[in-house]
Amino acid sequence: MAALEELEREYERAKRDQKFQKRLESLLRNYAGRPTALSFARRLTEKLGGAKIYLKREDLLHTGAHKINNCLGQALLVERMGKRRVIAETGAGQHGVATATVCALLGFECVVYMGTEDMRRQELNVFRMRLLGAEVRGVESGSRTLKDAINEAMRDWVTNVRTTHYLLGSVLGAHPYPTMVRDFHRVIGREARAQILKAEGKLPAAVIACVGGGSNAIGIFYEFIKDKKVRLIGVEAGGRGEALGEHAARFRGGLPGVLQGTFSYVLQDAAGQIALTHSVSAGLDYPSIGPEHAALRDTGRAEYVPASDAEALEATTLLARTEGIIPALESAHAVAEVIKRAPGMKKSDVVLVNVSGRGDKDIGIMRESLNLD
Amino acid sequence: MPLSFYKKPGLVVYVTCGDPDLATTRDVVLAAIEAGADVIELGVPFSDPVADGPVIQRASERALAAGTTLAQILTLAAELRQQAQSTGLVVFSYLNPILRMGMEKFCRVARHAGVDGVLVTDLPVEEAGEYLLAMKENDLAPVFLAAPTSPDERLKRIADASRGFVYAVSRTGVTGARQQLADDAEKLVRRLRRVSKSAVAVGFGISNAAQFAAVGKFADAVVVGSAIVETIEQHCGREAEAVGDFVRALVGPHPGRETRG
């Protein structure tokens, strides 16, 4: 609790500190490559024959996904707190890579926890982290995926709390993480809203994003929450079936519960044990969901739908062949939803899709599933 | 009955219920009581025991594989209460299994089973409003954890909210036996005594008679968990006997452990 309170105090101070904000903005611009492009998906729009599709290109950000927005922010806080050791959990490895990246940039020791199943399916990212100087520790317990990595990172943190900062990668965990991580990602929606107004002179009818922990989604949604006519659609991992254990769609049967310091919707059994989950995409493979998403859903401000493994893989191929963009499997879930939705929308409507990351890390999985060779 | 320590220092024994099965847990607990345990912490296995080291993690996995549930553990508690009238019984669980059962239902059933207290590992005092009400309504003692990193005002909040005793965690870290105990423990107990008159039990890492005696000098009670769970793990088929021997070895050589008035 003391560490959380210290982090909250430091974060509140940093929010009001102009120098901190300027330094963060400068790093986002001159190092990470912000602002990211907003691309009009002309051929995909034509193919689907409905709404005009725009893609927010977080795949173009340094390290290949949106994760670094949050990593840069938290890394600057680590500097302020005078800590020199940073730990993180990672699912698909993008957050791990982004953490290793900022640690190399600022000179911190870096340890990343990753489930051994995820290490196998996201090998490229394991190598990148090690090349960047991070120690990657495989986690063998439980499902050997994201939630197990978080458990191990938390165990490290409580043991080494005086010297170490836990750089949590999504809008999960105890306060202040969900708020702080969301704030560091708000730049996505701020940019996208301004960009779409410039391009089309109006707001989108809908904003679509994939939701694992929920960081890229809340990052793009947040700025639009006040625009009541804009529908906010989160896409969860529909996996390979509807039974508990076959997917990671929290709003398909999840119940309010507490996991890893957060009270939100959790996939669990009747005795309150946390369920195993499945998704072809490591980054969506998590049994709980950021509490702000739970609130948006419960108040009806946002809707959450699943996309299956098969739909995500098909969406990957379609986006690659109509727009020349290979999305991460996570982001492909959002693309899968726009494929379903756009045809039924008016041609004058605009729909915004967050491409939260690029798909290089997923080549191995795509190769197993798509018959191209 | 109220949780108190009649011997100095008291001995609190933690077991993960259902490892390898509930019948063994029952025998192990009775053996521990016979050998000198004053309070038993009935550990409820959880899928994601974030505060636990490898020993209790493994025990939890085995207990869950055997199908152990919170409901069954409360039934076991009732059975134990019949057999051990004066031993303190504390249910030690993560929050989610309790939430799934329902806070009020859990407290009612626990009370009815003769449980004395509850410790919820991942429920900080700041979030415990509903819990404290249900506990009070059912005359159950809430025990909270105090850590070496807790600032003094927080220690006071923790001590004020706790009944029976405060569980002082001896070091920053997770459960697990250690060769060396850091000085964090004694400092923490001193700080607690400055803000509260509650009894203090110290746990995490204690596994032998020398550590028991050393901690017993400044604490009202000593908690032994992983060492017991590991003893169970290593003595398949004669768990109760092994735990009885272990507990006797722990408290046996202790010179000052006479009954308090």
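Just so it is clear: chains get the letters A, B, ... in the order the sequence lines come, proteins before strands, and each one is counted from 1.
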Atom [atom1] of [X] and atom [atom2] of [Y]: how far apart are they, to the nearest 0.5 Å?
X      : Y      : atom1 : atom2 : result
B/R100 : A/Q273 : CZ    : CD    : 11.5 Å
B/L95  : A/F263 : CG    : CZ    : 8.5 Å
A/H175 : B/E126 : NE2   : CD    : 12.0 Å
A/S141 : B/R58  : OG    : CZ    : 11.5 Å
B/S47  : A/Q268 : OG    : CD    : 9.0 Å

Checking [X] against chain A: side chain, backbone, both or neither under 4.5 Å from a heavy atom?
X      : result
B/P54  : neither
B/E127 : neither
B/L64  : side chain
B/L99  : side chain
B/T69  : side chain

Tell me, out of A/A271, A/P256, A/A2, who's got the most heavy-atom pairs with chain B below 4.5 Å.
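When all of A/A271, A/P256, A/A2 are compared, A/A271 has the most.
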I'd like to know if A/R155 and B/D48 make a salt bridge, using a cut-off of under 4.0 Å between side-chain N and carboxylate O.
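B/D48 and A/R155: not salt-bridged.
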Student check: side-chain heavy atoms of A/V158 and B/V174 closer than 4.5 Å:
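Counting from C-beta outward, A/V158 and B/V174 do come under 4.5 Å.
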Run the numbers on B/N96 and A/L259 for side chain to side chain contact (heavy atoms under 4.5 Å, CB included), then give the verdict.
CA-CA 7 Å; B/N96 207 59; A/L259 175 65; over 6 Å; no
Answer yes or no: does atom CD of A/E135 have more than 12 heavy-atom neighbours from other residues, nucleotides or ligands under 6.0 Å?
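Yes.
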Can you tell me if B/E104 has over 12 outside heavy atoms packed within less than 6.0 Å of its CD?
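At most 12 heavy atoms, drawn from other residues, nucleotides or ligands, come within 6.0 Å of this atom.
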Could you walk me through whether A/V258 and B/Y94 pass the side chain to side chain contact (heavy atoms under 4.5 Å, CB included) test, one step at a time?
CA-CA 9 Å; A/V258 171; B/Y94 287 83; over 6 Å; no
Is it true that a side-chain atom of A/N151 and a backbone atom of B/V50 form a donor plus acceptor pair closer than 3.5 Å?
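Checking the backbone N and O of B/V50 against the side chain of A/N151, no donor-acceptor pair under 3.5 Å is found.
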Contacting region of A/A270 [heavy-atom separation from chain B under 4.5 Å]:
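Only the backbone of A/A270 comes within 4.5 Å of chain B.
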Can you tell me which portion of A/D156 sits under 4.5 Å from chain B's heavy atoms? Options are side chain, backbone, both or neither.
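When you check distances to chain B, no heavy atom of A/D156 falls under 4.5 Å.
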